[in-house]
Amino acid sequence: MPELPEVETVRIGLEKYLVGDVFKTVQVLREQSVGYPSVTKFTKGLARKEVISVERRGKYLLIHLDSKAGLGVHLRMSGRLIVADKKHKPAEFLRINIKLESGRDLRFEDMRVFGRMWYVPPGETFEDIIPALTLLGPEPLGKDLTAKYLLEAVKGRKQAIKTALLDQTLIAGLGNIYADEVLFQTGIHPLSSAGTMTKPDAEKLVVAIKKTLKQAIELGGSSLKDYTDSQGVNGKYQHSAWVYGRAKQPCRVCGEPIERIKLVGRSAHFCSNCQTKMRGRPTK
DNA sequence: ACTAGGTCCTGGTTGC
DNA sequence: TGCAACCAGGACCTAG
């Protein structure tokens, strides 16, 4: 799914193309795509609301509406949020469609139906409706993510560093692609026990995280399969990935083949020649 | 208190 | 070619 850079790219697009428009009518084609409340209340609540601003927290989009209402969105694995006008290709896997007063549509397309939209009624906060927001770790591009914080946060953790980086309560917004990319850039093996991190490791990781996410945002994110921005355009980061999706291909630094393993149910890509740091006590 | 694993879904790709 | 197994950007829930 969209990770932080992809969600941020969508946010930028919505800021540009959606703010100021008004939700006219809402059509729910898949009930499961509505996270809160009932389909009827969702539909009625959103109708005639104007879009005021679009915020991002981790991988969540927080769309602020008039009357202090809101629309929360998580794209999960295959979700897309597209402001579509007549020249756009037909919707694929359309789950929720919101007709806009401008005549365009705000489409929530989501093949795998893992994504969710939550209506936040006036008087309630996004945190009230989406409790997971309150548990999120610091924004990686903000000043709260420091080496000191990271070192403290992984202290005593025996899990693999890759697993820790995917934990949204540790850092909000990293996913499978960028966790692999960041570990490669710091020379850290993904199976290294998180708690063995040293201060220099933490400093390098923080630098790599911020640098990689910024670069990915500039490239419009990564499109592996489903992801597009709010205009339906693919991202470009995947072409410059160091390790993600490059199993068996030569490492861009040393030429050795990139390895791919399973780690807590996810794929992990790395170069065992370049990524040797912090291996002290790799888990499993 | 942590952590690994199953689960939610669908469709594209791979391999026999 | 046909079909089954495997794979996919995430995160919640449960059980150990």
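Proteins come first, then strands; the chains are lettered A, B, ... in the order of their sequence lines, and each starts at number 1. Just so you know, these numbers come straight off a predicted model, no measurement behind them. Computation of the quantities below employed the complete heavy-atom set of this structure, encompassing side-chain atoms and omitting hydrogens, waters and symmetry-equivalent molecules.
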Sugar-phosphate, base or nothing in reach of A:R116, heavy atoms under 4.0 Å: nothing
Presence of A:K59 side-chain N/O under 4.0 Å of C:dG10 phosphate oxygens OP1/OP2: yes
pi-stack flag for A:F114 and C:dA11, centroid dist under 5.5 Å, interplanar under 30°: no
Hey, can you pull the donor-acceptor pairs under 3.5 Å for the side chains in residues 123-135 of chain A, sequence neighbours left out?
from, atom 1, to, atom 2, distance (Å)
A:T125, OG1, A:E127, N, 3.4
A:T125, OG1, A:D128, N, 3.0
A:T125, OG1, A:D128, OD1, 3.3
A:T125, OG1, A:D128, OD2, 3.1
A:D128, OD2, A:T125, N, 2.9
A:T134, OG1, A:P131, O, 2.6

Interatomic distance where CZ belongs to A:R266 and C1' belongs to C:dC6 [whole Å]: 16 Å
Watson-Crick or G-U stems of DNA chain C, 3 or more pairs, under 3.5 Å, by first number: B:2-8 with C:10-16, B:10-16 with C:2-8
Per-nucleotide protein contact string for nucleotides 10-16 of chain B, where B marks a base within reach and S marks sugar-phosphate only (heavy atoms under 4.0 Å, - for neither): BSS----
Pairwise P distance, B:dC9 and C:dT14 [rounded to whole Å]: 15 Å
Hydrophobic cluster partners of A:L166 (side-chain heavy atoms under 4.5 Å): none
Touch class at under 4.0 angstrom, heavy-atom based, for A:D110 against every strand present: nothing
A:S267 side chain near C:dC7 phosphate (N/O to OP1/OP2, under 4.0 Å): no
With sequence neighbours excluded, residues passing salt bridge (charged side-chain N to carboxylate O under 4.0 Å, His left out) with A:D105: A:K99
Ring pair (Phe, Tyr, Trp, His ring centres under 6.0 Å) partners of A:F270, counting only residues at least two apart: A:H189
Working for side-chain hydrogen bond (donor to acceptor under 3.5 Å, both in side chains), residues A:Y178 and A:S222: CA-CA 10 Å; A:Y178 300 106; A:S222 297; 2.8 Å; yes
With sequence neighbours excluded, residues passing side-chain contact (heavy atoms from CB on, under 4.5 Å) with A:P200: A:T198
A:Y149 (side chain) donor-acceptor with A:L170 (main chain) under 3.5 angstrom: yes
Sequence neighbours excluded - side chain to side chain donor-acceptor pair (under 3.5 Å) pairs with any residue from residues 250-265 of chain A: A:E259-A:S272
Touch class at under 4.0 angstrom, heavy-atom based, for A:G265 against every strand present: nothing
Pairing residues for A:R56 by the salt bridge (charged side-chain N to carboxylate O under 4.0 Å, His left out) criterion, not counting sequence neighbours: A:E8, A:E139
Span that lies between the P atom of B:dG5 and that of C:dC7, in whole angstrom: 15 Å
C:dA11 OP1/OP2 closer than 4.0 Å to side-chain N/O of A:H74: yes
From C:dC12, C:dG10, B:dT3, nucleotide with atom closest to A:Y60 side chain: C:dC12
Contact under 4.0 Å: A:K158 side-chain N or O vs B:dA4 OP1/OP2: no
Sugar-phosphate only, base, or nothing, as touched by A:Y178 at under 4.0 Å among non-hydrogen atoms: nothing
Touch class at under 4.0 angstrom, heavy-atom based, for A:Y237 against every strand present: nothing
Minimum-distance nucleotide to A:N176 side chain [options: C:dG10, C:dA8, B:dT3]: C:dG10
